[in-house]
Amino acid sequence: QVQLVESGGGLVQTGGSLRLSCVASGRAFNNYAMAWFRQAPGKEREFVAVINGSGRNTYYAASVKGRFSISRDNAKNTVNLQMNSLKPEDTAVYYCAANTIVVFTTGYDYWGQGTQVTVSS
């Protein structure tokens, strides 16, 4: 079992930055690909970014590429999402997820409870 707890959400103005963190409990954190998803009101949950277990490979949704950066610290069982140049359309609940392989859909084994990010115009 893996438990995930996100933090770092909040209210920010357009063009601002936020850093989300997700701490995982359980063993063998480096065996899991870690991803961030988001869900805006009335919309489906969508993929944002993913990083493989070693941290060597990262993938991003086209809508955030160049603005967001995912990273992980396997010694601290933590994955981060640095979000820069935020736009109102980035407003959503952001979820951390863990899976044994990298996928770009919502088919992840473990999910956090989510953290709200609101970008004001």
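These numbers come from the heavy atoms of this one structure, side chains and all, not from hydrogens, waters or symmetry mates. Remember, predicted model here, so these are calculated numbers, not experimental data.
- Under the 4.5 Å side-chain criterion, counting only non-hydrogen atoms from C-beta, Tyr108 is in contact with Phe37.
- Every residue was checked against the salt bridge (Lys or Arg N to Asp or Glu O under 4.0 Å) condition with Glu89, not counting sequence neighbours, and none meets it.
- Listed by first and then second residue, the side-chain hydrogen bond (donor to acceptor under 3.5 Å, both in side chains) pairs involving residues 47-56 are Asn52-Ser54 (not counting sequence neighbours).
- Hydrophobic clustering, defined by side-chain heavy atoms of Ile, Leu, Val, Met, Phe, Trp and Tyr closer than 4.5 Å, groups Leu4 together with Val2, Val12, Leu18, Leu20, Phe29, Tyr32, Met34, Trp36, Val48, Ile51, Tyr60, Val64, Phe68, Ile70, Val79, Leu81, Met83, Leu86, Tyr94, Tyr110, Val117, Val119.
- Expressed to the nearest 0.5 Å, how far CZ of Phe47 lies from CZ of Phe104 amounts to 5.5 Å.
- Closest non-hydrogen pair, Gln116 versus Val93, comes out as OE1-CG2, 3.2 Å.
- Listed for the Gln39 side chain is no donor-acceptor partner under 3.5 Å among the backbone atoms of Ala92.
- Panel note: side chain Asp109, backbone Asn99; no donor-acceptor pair is recorded below 3.5 Å.
- Atom CD of Glu6 and atom SG of Cys22 lie 5.0 Å apart (nearest 0.5 Å).
- Among residues at least two apart or in separate chains, side-chain hydrogen bond (donor to acceptor under 3.5 Å, both in side chains) pairs with a member in residues 75-84 are Ser17-Asn84, Arg19-Gln82, Ser21-Asn80, Gln82-Asn84.
- When atom types are taken as modelled, the side chain of Glu46 and the backbone of Arg38 share no donor-acceptor pair closer than 3.5 angstrom.
- With sequence neighbours left out, Arg67 forms a salt bridge (Lys or Arg N to Asp or Glu O under 4.0 Å) with Asp90.
- Around atom CD of Gln3, no more than 12 heavy atoms belonging to other residues, nucleotides or ligands sit under 6.0 Å away.
- Closest heavy-atom contact between Pro88 and Ser121: CG-CB, 3.9 Å.
- In this structure, the side chain to side chain donor-acceptor pair (under 3.5 Å) partners of Asn74, at least two apart in sequence or on a different chain, are Arg72.
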